[in-house]
Amino acid sequence: MNYKDTLNLPKTAFPMKANLVKKEPEMLERWESIDLYKLIRQSSKGRKRFHLHDGPPYANGHIHMGTAFNKVLKDIIIKSRQMAGFDAPYVPGWDCHGLPIEHRVDGELGARKKEMSQAEIRGFCRRYAEKYIDIQRNEFKRLGVLGEWDNPYLTMNYPYEATIVREFGKFALNGSLVRSKKPIYWCISCKTALAEAEVEYDEHSSPSIFVKFPMISDLDQLAPVLKGKQVSMIIWTTTPWTIPANLAIALHPGLKYAAVETGDNEVMILAEGLLDLCMDTFGIETYEVLKLFKAAELENLEARHPLYDRPSKIVLAPYVTLEAGTGCVHTAPGHGREDYETGLKYHLETYSPVDDLGCFTPDVEYFAGMEVFEANEAVKDKLSEVDALIKEEEITHEYPHCWRCKKPVIFRSTKQWFISMEKNDLRKNALDAIRKVSWIPSWGEERIFKMIANRPDWCVSRQRSWGVPITVFFCNECDEPVITQEIIDHVSNMVEQSGADIWFTKSEKELVPPGTRCPNCGADRFRKETDILDVWFDSGVSYAAVMENREYLDSPADLYLEGSDQHRGWFHSSLLCSVGTRKEAPYKGVLTHGFVVDGAGKAMHKSSGNVIAPEELIKSYGAEILRLWVAGEDYRDNIRLSKEILQRLTEAYRRIRNTCRYLLGNLNDFDWETDQVPYTEMEELDRWALNQLQGLNGRVLKAYKDFNFHLVYHNLHNFCVLDLSSFYLDIIKDRLYTSPKKSAARRSAQSVMHEILETLVRLMAPVLSFTADEIWQYMTGKERPLSVHADLFLPLNEEYRDTELAERWEGIISVRKEVTKVLEIARKEKRIGHSLDASVELGLSSELAEKLAPYVDQLRSIFIVSSVDLAEIDQVEGGFESETVPGLKVKASPSSDPKCERCWIHDPSVGDDKNHPNTCKRCRNVLDEIMH
RNA sequence: GGGCCUAUAGCUCAGUCUCGGUUAGAGCGCACGCCUGAUAAGCGUGAGGUCGUUGGUUCAAUUCCAACUAGGCCCA
């Protein structure tokens, strides 16, 4: 007789092989067909809301690993909060306006662009953005991210654009908006001002020149020794073209400056600490220090500009260093931020005689009309001609470049619109608001605090086409800016109807509300501002356009979640917009994650060749593995990604999947409603398993709550491996397989397996969204929602907790560990193969014997051996004395009993019955029961 | 150059912060073996760590402090 047929072996159609790459799209189709997102929304109506407000990715190009990571992390949070009992809607968004798209469109249009209107160009930009929104939407959905994909928010939607106009209007009307000349980054190729975020630093070769500025002020009093000598301040600069705009020379207030005679009656003044280095650079071998000045002694004295007949004031500034140059810093307030601030302090003009194209204005003697980078050479020549150039060379250094065209940018002063950080206490209020937000990790608070504390006014104007216009008019008569509530209302309503294009297509007459007159001079003819708003303002008001606007959303949101770069990006602009108009932050919590780096911890760059695209990862591993990676990595630090990591994750995935498959297989004949065994009637081992399950459930639920997803992953995996696979499931195999189908012993184990599976499938769902739902389809018994994602986590079940029991089993498990060690030794010696070949003899101290006494009958199955005999420790001869469990001696030997062909246990009862000569008594009883 | 952050086995993470103190844990991977009734599965045993480096505080530091190195983000 083939006894295998009399066993209850696991049976399930749930495939062992995941085949994720093929199966995931099928699951996605299923989610579409049952309209899963809507189903979840309906099922959670009226629950407490949880709002994670999506930071809009830029609608340009395919998604990369960072965007994929970010979206999946959000999805895990949404799903876990949803399953924790919240109503957690998710409205994804896209950032649509801005330079990058305009540049791409520029490139595609080429020369045609010149014949096109601004509105036509904007049309191309809009279509470009739409194209990539579609692409990215599909890519995000492919990752298993659930959300309101058919109604996302787009910063270029007309109502959104209208919101931008209205929020901008609030700043304009409350006096925060100021127009002033300030040095800003300017790309002479793109002809636009650039935000700090729009420049990137790269190697650049610049001329490095040392220039003499002869002293005008008389130093005779201060230093009689200099009387009658040709004294000059020596400056160093790497931007010769800014020399024509020089208005000052900055010294460090704490440094000493040396007056050095270099021969021919010439005296140079430069920092004492750089003296030798400079002399060496200049090739001057003999020189003599005549006098040391404190910087303060020279403050407010004047040198003469080397080219023009005007003074250059000596000023003090803390940023002067001895890193390079002479310690005397050439200062052009119109061409540098620090220079500008120093200029303000000393009441110098913000002089910036350079036009939009980067050419000197006509009033600049010698260089009028020259492009600044080209003028470097001319400036050097002229300086040389007047004998002011001491030394020139080329140096390579980090220099700001335009983030789009990659060309070097300049600092130039133009009239721009700024949101003042001080006028309405924006800085102070923002700093206060930061303190009320929960920052995860906590250091995010310090980071953004310092940024807000130190940032300059926010330059919100851009000289481009693809964006929301700054809806300000200027009076044709007096040139004063005109902005009123009526204008904002009028224009924003038009924008709401027809989009921001109307600013470019309609005339001033149509855009201005009828009857508008200049408040300054009473004129009624205006011209419109042509600048557009910084795109950071667009996304910065998303709380108003989305969270406040949709009735099923609330503001402030519970959580904003982006990469740590957004402390200066979206978290920052959103904070300023919201605090400036509502006096509070738009978020209650902010979570930041690190950046995706390669296996060695290095940033992913095209040039490094270490970039992994989400697409290829999905193609070879499946989105589920990507999701597991997102959960498994600690996002606070850099997030590493490598082949090895993916390989490890795949193994872990298989283990979790197989564990669930095994549970399904053993539950195939189990109906919870009719077959469940009450907790109190369960075997102790089964109750132990339920206790462990509660521990897991508690830990994982807490990990979800605290956003510690790597703990979710490790806990789930460890539970499957340690508690289940290698212990509980291994031990109960005998019971499950050999007992009668409907026996209490088997049903008890099945009841536990059922509870485990019900808990596991939910706990894994936010991370392993595809697999959990796949398992869900194979689960029977109760009536359940169409998808696990529409269900809730199981609450902690206090009945299943028994800490005393767990402690007792700690002891048993430690003994079991010793037994397996001894079995392994016997196996090495070829005395046994399978552990069931062995008989085990335990020598016990009286203390240990007492602990194990209640389990005498179970030890055999717990150890998965054929027999266990207990004896006093001294009476066991030979054997292995445990080091970790005091009072324990273990001896293993091959069982001398015959092996039961059915249950494979060696037992003396085998052979007692002629009808079943190769089975044990226990199995014969089962067989009898089955046969009748 | 400045701000913020990170550094524990080949990989992913615990522990250290709020108590500094006996042989620093887990899983995976690896090596070796078992099983063939979870089977392109399952089980067992074992080898892997001067807790980034150097100083300091202390009777004692992976844990506290500082500097440095490497890496990341942001800024200049």
Side-chain angles (χ1 to χ4, degrees), chain A residues 3-12 16-17 196-197 199 201 319 321 323-324 336-338 398-400 441 443-451 453-455 563-569 572 592-603 628-629 631-634 636-640 642-652 654-655 657-666 708 710-711 713-722 725-727 729-730 733-734 736-738 817 819-828 830 832-837 864 883-884 902-904:
Chain A
Y3 292 114
K4 188 171 172 178
D5 298 337
T6 71
L7 297 173
N8 315 304
L9 296 177
K11 204 178 131 192
T12 177
M16 175 180 283
K17 202 166 181 302
E196 288 116 290
V199 299
Y201 285 76
Y319 52 81
T321 70
E323 294 288 323
R337 196 162 110 192
E338 289 172 328
E398 293 283 296
Y399 189 85
W443 46 256
E445 177 170 343
E446 200 54 21
R447 186 167 180 181
I448 194 167
F449 188 93
K450 289 199 170 167
M451 284 178 181
N454 296 318
R455 68 156 297 148
S564 62
D565 57 332
Q566 297 303 323
H567 284 113
R568 182 157 287 271
H572 193 112
T592 51
H593 55 78
F595 273 64
V596 177
V597 295
D598 69 12
K602 298 264 173 70
L628 197 57
W629 164 71
E633 295 268 328
D634 185 349
R636 292 168 194 82
D637 198 356
N638 293 331
I639 303 134
R640 292 190 186 217
S642 68
K643 263 213 143 127
E644 177 171 12
I645 291 170
L646 290 167
Q647 207 56 52
R648 294 296 89 83
L649 287 164
T650 305
E651 306 283 345
R654 275 213 291 266
R655 173 52 76 105
R657 181 183 179 88
N658 261 330
T659 304
C660 293
R661 178 173 184 266
Y662 185 70
L663 294 171
L664 281 171
N666 281 294
N708 286 324
H710 59 290
L711 299 183
Y713 160 70
H714 280 282
N715 273 293
L716 282 175
H717 186 237
N718 275 356
F719 182 73
C720 287
V721 173
L722 294 173
S725 210
S726 77
F727 188 72
L729 296 181
D730 208 21
K733 271 175 196 165
D734 175 66
L736 285 167
Y737 298 172
T738 65
K817 279 186 179 148
V819 171
T820 55
K821 264 183 215 165
V822 173
L823 290 175
E824 186 61 21
I825 294 167
R827 198 172 281 133
K828 279 259 150 69
K830 301 283 178 199
I832 62 164
H834 195 284
S835 62
L836 282 177
D837 297 342
I864 318 182
E883 286 170 21
T884 52
R902 183 165 179 274
C903 70
W904 293 347

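Quick caveat, the model's predicted, so the values are computed rather than measured. Chain letters run A, B, ... following the sequence lines, proteins first, then strands; residues in each count from 1.
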Sequence-distant partners of A:Lys643, salt bridge (charged side-chain N to carboxylate O under 4.0 Å, His left out), two or more places apart:
none
Closest heavy-atom contact between A:Lys817 and A:Thr820?
O-OG1, 2.7 Å
Which residues pass the ring pair (Phe, Tyr, Trp, His ring centres under 6.0 Å) test with A:Phe727, sequence neighbours left out?
A:Trp688
Going by purine N1 to pyrimidine N3 plus the second Watson-Crick contact, or the G-U wobble pair, all under 3.5 Å, which nucleotide sits opposite B:rU54?
B:rA66
With sequence neighbours excluded, tell me which residues meet salt bridge (charged side-chain N to carboxylate O under 4.0 Å, His left out) with A:Glu445.
A:Arg435
Kindly indicate whether the side chain of A:Arg447 and the base of B:rC73 share any N or O donor-acceptor pair separated by less than 3.5 Å?
yes
5' precedence on RNA chain B between A:Asp565 and A:Cys903 (nearest-nucleotide basis)
A:Cys903
Using a cut-off of 4.0 Å between protein heavy atoms and nucleotide atoms, how would you tag nucleotides 41-49 of chain B 5' to 3' with B, S and -?
SSSBS----
Go through the structure and list residues passing salt bridge (charged side-chain N to carboxylate O under 4.0 Å, His left out) with A:Asp565, not counting sequence neighbours.
none
Listed by chain and number, what are the side-chain hydrogen bond (donor to acceptor under 3.5 Å, both in side chains) partners of A:Glu824, not counting sequence neighbours?
A:Arg827
Taking any heavy-atom pair under 4.0 Å as a contact, classify A:Lys643: base, sugar-phosphate, or nothing.
nothing
Residues that A:Asp637 engages under side-chain hydrogen bond (donor to acceptor under 3.5 Å, both in side chains), provided they are two or more places apart:
none
Sub-3.5 Å pairs of nitrogen or oxygen atoms, protein against nucleotides 29-31 of chain B:
{"from": "B:rG29", "atom 1": "OP1", "to": "A:Glu651", "atom 2": "OE1", "distance (Å)": "3.2"}
{"from": "B:rG29", "atom 1": "O4'", "to": "A:Arg648", "atom 2": "NE", "distance (Å)": "3.3"}

Set of salt bridge (charged side-chain N to carboxylate O under 4.0 Å, His left out) partners for A:Arg648, sequence neighbours left out:
A:Glu644
